[in-house]
Protein chains: 6
Amino acid sequence: MSDTSLLNQLGVVKRQIVRADKAAVDKLARFGAATIHEAMGRVGLMKPYMRPVYPGARMCGTAVTILMQPGDNWMLHVAAEQLQPGDVAVAACTTDNDDGFFGDLLATSFRARGALGLVIDGGVRDVNDLAAMDFPVFGRAVHSKGTVKATLGSVNIPVVCAGALVHPGDVVIADVDGVVVVPAARAMEVANAAEKRESLEADKRARLAAGVRGLDMYQMREPLEKAGLRYID
Amino acid sequence: MSDTSLLNQLGVVKRQIVRADKAAVDKLARFGAATIHEAMGRVGLMKPYMRPVYPGARMCGTAVTILMQPGDNWMLHVAAEQLQPGDVAVAACTTDNDDGFFGDLLATSFRARGALGLVIDGGVRDVNDLAAMDFPVFGRAVHSKGTVKATLGSVNIPVVCAGALVHPGDVVIADVDGVVVVPAARAMEVANAAEKRESLEADKRARLAAGVRGLDMYQMREPLEKAGLRYID
Amino acid sequence: MSDTSLLNQLGVVKRQIVRADKAAVDKLARFGAATIHEAMGRVGLMKPYMRPVYPGARMCGTAVTILMQPGDNWMLHVAAEQLQPGDVAVAACTTDNDDGFFGDLLATSFRARGALGLVIDGGVRDVNDLAAMDFPVFGRAVHSKGTVKATLGSVNIPVVCAGALVHPGDVVIADVDGVVVVPAARAMEVANAAEKRESLEADKRARLAAGVRGLDMYQMREPLEKAGLRYID
Amino acid sequence: MSDTSLLNQLGVVKRQIVRADKAAVDKLARFGAATIHEAMGRVGLMKPYMRPVYPGARMCGTAVTILMQPGDNWMLHVAAEQLQPGDVAVAACTTDNDDGFFGDLLATSFRARGALGLVIDGGVRDVNDLAAMDFPVFGRAVHSKGTVKATLGSVNIPVVCAGALVHPGDVVIADVDGVVVVPAARAMEVANAAEKRESLEADKRARLAAGVRGLDMYQMREPLEKAGLRYID
Amino acid sequence: MSDTSLLNQLGVVKRQIVRADKAAVDKLARFGAATIHEAMGRVGLMKPYMRPVYPGARMCGTAVTILMQPGDNWMLHVAAEQLQPGDVAVAACTTDNDDGFFGDLLATSFRARGALGLVIDGGVRDVNDLAAMDFPVFGRAVHSKGTVKATLGSVNIPVVCAGALVHPGDVVIADVDGVVVVPAARAMEVANAAEKRESLEADKRARLAAGVRGLDMYQMREPLEKAGLRYID
Amino acid sequence: MSDTSLLNQLGVVKRQIVRADKAAVDKLARFGAATIHEAMGRVGLMKPYMRPVYPGARMCGTAVTILMQPGDNWMLHVAAEQLQPGDVAVAACTTDNDDGFFGDLLATSFRARGALGLVIDGGVRDVNDLAAMDFPVFGRAVHSKGTVKATLGSVNIPVVCAGALVHPGDVVIADVDGVVVVPAARAMEVANAAEKRESLEADKRARLAAGVRGLDMYQMREPLEKAGLRYID
C-alpha cells in the first residue's frame with residue numbers, strides 16, 4: 001500500500017499515480033458495495049450520508065483524489081486534467097460543506113476525459129442533467145449554492161473522504177448501498193473473496209427460500225442457548 | 001391492551017403472542033398511515049426519519065417485535081422463526097445505530113415464513129434486491145456496514161421503535177407518509193374510524209375542487225375573527 | 001423592493017400585494033434554480049434540506065407568504081383564499097417543526113384557486129396523492145403527524161423561510177436543485193441574466209465535450225501558478 | 001407493572017397514580033444513572049440528547065407524566081396541580097419540538113408543590129433562574145421561544161419520552177450521565193442491584209489503581225485468544 | 001424600519017447606518033432574551049443552535065451586520081473598521097459552515113473599536129482567550145479550522161443570521177437563553193413592553209411561590225373544561 | 001511517515017510502535033490545538049463534534065490507536081496494556097455509535113499505565129468521576145449506555161477517528177478548541193512553526209489592542225479594492 005507522506009499537503013498535484021490492476025477493477029465491478037465491504041473483512045466504507053444523486057447511479061473505477069476547500073471548486077477543474085479513462089474522481093473537503101461544487105459542465109469535462117463518475121463529500125447541482133447524462137455522482141447534499149475558485153487544495157494525495165481513507169489509484173465502488181474503497185494492492189484479493197462470497201450466498205438464498213431456517217443453516221441454536229436465550233410462551 | 005412486564009427484558013423469546021384480529025387488519029390495510037393516525041386520535045406514529053428504502057414500499061400486518069443490540073443482527077435470525085403469514089417484523093435497537101442489519105438473505109428467510117415486510121430502527125442494505133423482491137422495508141438508513149451475531153436481545157417483547165411503543169401483535173401500517181402502530185385491541189375500532197374519515201374526506205375533496213372555500217366549509221371565519229385576525233390592504 | 005415593516009407581525013392577512021411582473025415570471029420559468037441563483041449573484045437560496053416530495057416536482061410562481069405556528073396549519077386555510085392563478089404558497093414557521101401541515105385536501109383547495117405549488121419549512125403528507133395530482137411541494141420532511149387550527153400566524157407578510165427572506169409577490173423557483181427566491185423588483189433583470197448565462201453555458205458545454213480543457217477555457221493556469229500550485233510526479 | 005391502556009390517550013388527567021415505594025426511591029437516589037442502567041440489565045435509558053441545562057443538576061423522584069403538543073405548554077400547568085413532594089415531572093411531546101415550554105414561573109409553581117425537577121423532551125428557558133433556584137431540568141434544547149395554551153394533551157398516562165417508556169409513578173434518575181427510568185415495581189430490586197454493583201466496583205477500582213491489568217482481572221486473555229486476536233511486533 | 005434593497009448584495013460596505021436609540025438600547029440591556037422575545041410578540045429569535053461559547057456570556061448592542069463566504073473571514077476584518085462603541089457584530093454566512101472564523105486577534109481588534117461582542121452563524125476558536133477577555137461570542141460551533149481571506153461578502157446590509165432577519169442598527173440581545181433581534185424602530189416600544197412584562201412576572205412569581213395554583217391564577221379551569229379535559233381516578 | 005498497510009485490519013494488536021520524539025511532544029504541549037493546526041498548514045483536525053467532557057480538559061501525548069466495534073469496548077481493555085507514560089488513547093469505531101464505551105474504571109486503568117487521556121469517536125460516562133480524577137476525555141457524546149466485550153477490533157493500527165487519520169505514535173493535542181493530530185515525523189517541525197506563529201501573534205495582538213486597524217496591519221486595503229469592494233454611505 002502506498003505511503004501517506006502527502007496526506008493533507010495543500011497545493012500539490014501528483015501526476016503519476018499507480019492505479020489498481022485493470023483486471024481486478026473489472027472483476028470488482030461485478031459486485032455490489034455491500035459484498036465487497038464484507039469480502040474486505042467488513043471495512044472500507046464511507047459514511048452512509050453519501051447517497052446517489054439519481055436512482056440507479058452505480059460505478060466502479062480507480063480513484064483520482066481531490067482535497068477541496070469549503071465553497072471552492074477550483075481543484076475539481078485542476079483534477080479534470082488528471083483523469084484517465086476508468087477513473088472515478090473522489091473529492092474530500094477540508095471541512096463539512098454542502099455547497100454545490102459540481103454540476104453539468106464539470107460532468108461534461110470529466111466525461112470527456114473518460115472518467116466514470118464522482119464521489120464527493122460535498123454538494124452537487126444540475127441533478128437532472130447528471131441523470132440525463134447518466135453520469136453517476138454520490139454526494140452529501142444537493143444544493144444550488146455556487147462556489148468560487150480562489151484557494152488551493154490538492155490532487156492525488158491521500159484524503160479522508162466521508163470517513164474513509166482513499167489513496168489515489170484505489171478502487172472505489174459505489175451503488176445504492178453505499179461507497180466502498182479497496183486499496184489498490186488488495187484489489188484482486190478482494191475481488192476473489194467477493195466472488196467466493198457471492199457464490200456461497202446464492203446457495204444460502206436458495207435454501208432459505210426453500211424454507212430452511214436460518215437458525216439451523218447457520219447452526220445458531222447452540223450458541224444462542226449458551227448465551228442464555230430463553231424461550232417462553 | 002397487553003401489559004408491559006416484559007418491556008426491555010433481554011434474552012427472551014416469547015413464542016405465543018396474540019395477534020390483532022385478521023378482519024381488522026384487512027380493513028386497516030385499505031387506508032394510509034396518515035388516515036389511520038388521524039382515526040386513532042392523532043397518535044401512534046413513528047418518527048419521520050423512518051423512510052421506505054425503495055419507492056412504492058407499503059405494508060400492513062401484525063407485529064413480531066425484536067430488540068437488537070448495536071451492530072448485531074442475531075435477533076433478526078431468531079425472529080425469523082417466530083414470523084407467521086401476515087406478520088411484519090418490527091426491530092428496535094438498544095441505541096441509535098445505522099449499521100446494515102438486514103439484507104436480501106434475511107428478506108428471503110422472512111418471506112419464506114410469510115412475513116410481509118420489515119420496520120427497523122436501524123440501517124439496511126441490498127436495496128436493489130429488496131426492490132426486485134418487492135419486500136418492503138422501512139428504516140433509518142441505507143448502509144452496507146455488516147453486523148455480528150454475538151449478543152442477545154429479545155423477540156416479542158414490547159419495544160420502543162423510532163419513538164413508538166409496539167407490542168407484539170399490534171397492527172403496523174407503513175407507507176410513504178410514515179409508519180403508524182395500532183394497538184391490537186383497538187384495531188377494528190380504528191379501522192372503522194378510518195373508513196368513516198375517508199368517506200368524509202371524499203366529500204370534502206369534491207367540494208373544495210368545486211371551488212368551495214375551506215374557510216367556509218370548515219366554518220373558520222368566526223373563530224378566526226374571535227382570535228383577532230386582522231385583514232389589511 | 002418592499003419594506004419589512006410587517007416582518008414577524010402575527011395575526012395579520014394582507015390582501016393587496018404587488019406580484020412580480022408576469023412576463024418576468026414566465027421568463028424565469030424557463031431556467032433552473034441553480035442558474036437563477038447564479039444569475040442573481042449567488043444569493044437567494046433556501047437551505048438544501050428543502051426537497052421535492054416526489055420526483056419531477058418543479059414550479060415557478062409568485063409568492064403568497066404564510067407564517068405558521070408549530071403543529072398548527074390554520075394559516076394555510078386562511079392563505080388559500082388569498083391565492084391567485086400563478087401563485088406559489090410559501091410557508092414559514094415560527095420554529096423548526098416537521099409536522100404534516102399539508103395534504104391532499106389543502107392541495108385540492110390551493111389548486112382550485114389556481115396556485116402552482118407549495119414551499120413549506122415544515123412537513124407534509126399524502127405524498128402519493130400529491131404526486132398523482134402533480135401538485136408540486138417542497139418541504140423539510142414527510143410526516144403523517146396531524147396539526148390543529150388554534151393559533152394565529154399571518155399571511156402575506158415578509159417571512160424568513162428555510163433561511164431565505166421572502167416578500168409576498170417575490171418569484172419563487174423550485175426544482176430538484178433547490179428553491180431560490182427572486183425579489184419582485186429584480187425579476188426581469190435576473191431573468192435576462194439567467195438567459196445570458198444559459199447561452200454562455202451551452203457554448204462552454206460544447207467545447208468541454210469536444211475535449212477542451214477547463215484549465216485552458218477558463219484561463220486558470222496562470223492564477224493557479226501564482227497561487228503556488230505545484231505539480232509533482 | 002401498570003398497564004398501558006391509557007397510552008397516547010389525549011385529553012385525560014389521571015389523579016390517582018401508584019408511586020414507587022419511597023424507601024426504594026431513597027435508595028436509588030444514592031446511585032448514578034449509569035450504575036442504575038447497568039443494574040437494571042442495561043436498559044431504561046433516554047436518548048443522550050437529553051442534557052442538564054445547568055452544571056450539577058441531579059435528581060431522583062417519582063414520575064408525573066405529561067404529554068404535550070408542539071409549541072404548547074398548557075399541560076405543564078395542568079400537571080403542576082398533580083405534583084406531590086418527591087415527584088419529578090416527565091414531559092413528552094407528540095412530535096419533536098425545541099420550543100421553550102418551561103421557565104422560572106413554572107419552576108416556582110412546581111417547587112411550591114414539592115416537585116424535585118423536570119425531564120422534558122423539549123426546550124426550556126430562563127436557565128440562569130433555574131440554576132439560581134437549583135431546580136434541576138433535563139431537556140433537549142435551550143430556547144427562548146414562547147408557547148401557547150390552546151390544545152389538550154394529557155397528564156399521568158404512559159408516555160414515550162426521548163425513547164424511553166415512562167409510566168406515572170416510575171422512578172426517574174437524572175444526572176450528568178443521562179436519564180434512566182426504573183419501573184415502579186422493580187424499584188427496590190434495582191436499588192439493591194445498584195448497591196451490589198457499586199460495592200463490587202470499589203474493589204475493582206482499587207485493584208486497577210494498584211496496577212492490576214484489566215485483561216487479568218476480567219480474565220479476558222483466553223476469550224480474546226479464542227476470538228483470534230493476534231499480537232504482532 | 002429600514003428597507004431591504006441591499007439584501008444579499010455582495011461586495012458592499014455601508015458606512016452610514018442608523019443605530020437604534022441609545023436610551024432604548026440601555027433599557028433593553030436590563031432584560032433577558034426570553035423576556036424581550038415575549039415583549040415583541042413572540043418573534044425575533046435566532047435558532048437555538050446559537051450558543052454562548054463560554055458560561056456567562058451576555059450582551060446587548062446595536063448590530064453591525066456582516067455577510068461572509070464559507071471558510072473565509074475577510075469580511076470580519078473589513079467590519080472591524082465599521083464598529084463603534086456599543087456595537088455588536090452580527091455575522092451571517094452564505095451557507096452553513098462551522099469553520100473557526102473568529103479568534104482572539106479579531107476579538108482584540110473588535111474590542112479596540114468598542115464593540116461589545118459577536119453573534120456568528122459559524123464557528124469560532126481561541127475560546128479560552130475569549131473567556132479570559134470576557135468578550136462574549138455566540139456561535140454555532142467551536143472549531144479550530146482556519147479560514148482564508150479571498151472572497152468578498154458585505155458589511156452593513158440586511159442579513160438572515162441563524163433564521164432571523166437583521167438590519168444594521170437593530171438591537172441584538174444575547175444571553176444563555178438565546179439571541180433576539182429588535183428592529184431599531186421598535187426598540188423603545190419593546191423595552192417598555194419588556195419592563196411591563198417583568199413587573200407582572202414578579203407578582204406572579206410571588207403568588208406561585210406562596211402556593212397559588214397556576215390553573216387558578218391564569219383562570220385556565222374553564223377553558224380546559226371547554227376543550228374537553230377529563231379528570232379520572 | 002509510517003505506512004498504512006495495517007489500515008482497517010481487524011483482530012490485530014501491534015506492540016511495537018514508534019512514538020514521536022519526546023522533546024517535540026513536550027514542545028507541542030505548550031501550544032493550543034488552533035495554533036498547531038495553523039502551524040501544520042491548516043490540516044490535521046478532527047471534526048468539531050469532538051468535545052471535552054468536562055471544562056478545562058486538555059492534553060498532549062502520543063497516540064495509542066484503537067479500532068472498536070459499535071456497542072463493544074473490548075478493545076479499550078486490550079489497549080490499556082499497550083499504554084505507556086505520556087500516551088493518549090485514540091479510539092475510532094467502525095461506525096457511528098454514541099454508547100458509553102468508557103468510564104471511571106477504565107480511566108483508573110489507563111492512568112495506572114501512565115496514560116494522559118482519551119480521544120474517542122464514541123460516548124463516555126461517569127463524567128463526574130472523570131472530572132474529579134482530572135482525566136481528560138474528548139468524545140462525541142455523554143451516554144450511560146453500557147457496552148459488551150464480544151467482537152474483535154484492533155490496537156495500534158492506523159485509524160480514521162472523527163475524520164482525521166491517526167497513526168500510532170502520532171502526537172495528539174486536544175483542548176477546548178478541538179483535537180489536532182501531528183504525524184510523528186513532523187512533530188518537531190510543527191512545534192517550531194507553532195512557536196514562531198505564537199510569537200508573531202503576540203506582536204499582532206499588542207498592535208491591534210493599541211488601535212492599529214487590521215486592514216492596515218494585514219495590508220488588505222489594496223486586495224479588497226482589487227476584488228471590487230465598494231464603500232457606500
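A, B, ... follow the sequence lines: proteins, then strands. Residue 1 opens every chain. Atom set for the values below is all heavy atoms of this structure, side chains included, hydrogens, waters and symmetry mates excluded.
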Inset, instruction - Please flag which part of B/R205 lies under 4.5 Å from any non-hydrogen atom of chain C: side chain, backbone, both or neither. - result: both

Inset, instruction - Using a heavy-atom cutoff of under 4.5 Å, enumerate the residues of residues 35-43 of chain B that contact chain C, numbered in order, or state 'none'. - result: B/H37, B/E38, B/R42

Legend entry - Atom pair CG/CD of B/D216 and C/E81 - distance to nearest 0.5 Å: 7.0 Å

Inset, instruction - Output yes when a side-chain donor or acceptor of C/S144 lies under 3.5 Å from a complementary backbone atom of B/D177, and no otherwise. - result: yes

Inset, instruction - Provide the closest heavy-atom pair for C/D104 versus B/E201 in the form atom of the first, atom of the second, distance. - result: OD1-OE1, 4.2 Å

Inset, instruction - Side chain from CB out, backbone as N, CA, C, O: work out which of these in C/L152 comes under 4.5 Å of a heavy atom of chain B, or both, or neither. - result: side chain

Inset, instruction - Could you look at C/V155 and say if it's the side chain, the backbone, both or neither that has a heavy atom under 4.5 Å from chain B? - result: neither

Inset, instruction - Using a heavy-atom cutoff of under 4.5 Å, enumerate the residues of residues 115-132 of chain B that contact chain C, numbered in order, or state 'none'. - result: none

Inset, instruction - Enumerate by number any residue of residues 44-77 of chain C whose heavy atoms lie under 4.5 Å from heavy atoms of chain B; in the absence of such residues, state 'none'. - result: C/W74, C/M75, C/H77

Legend entry - Top contributor to chain C contacts, counting heavy-atom pairs under 4.5 Å, from B/L215, B/V180, B/D175: B/L215

Inset, instruction - Considering only heavy atoms and a distance below 4.5 Å, find which of C/T147, C/D98, C/L10 pairs most often with chain B. - result: C/T147

Inset, instruction - Under 4.5 Å, heavy atom to heavy atom: which of residues 217-233 of chain B reach chain C? Give them by number, or say none. - result: B/Y218, B/M220, B/R221, B/P223, B/L224, B/A227, B/G228, B/L229, B/R230, B/Y231, B/I232, B/D233

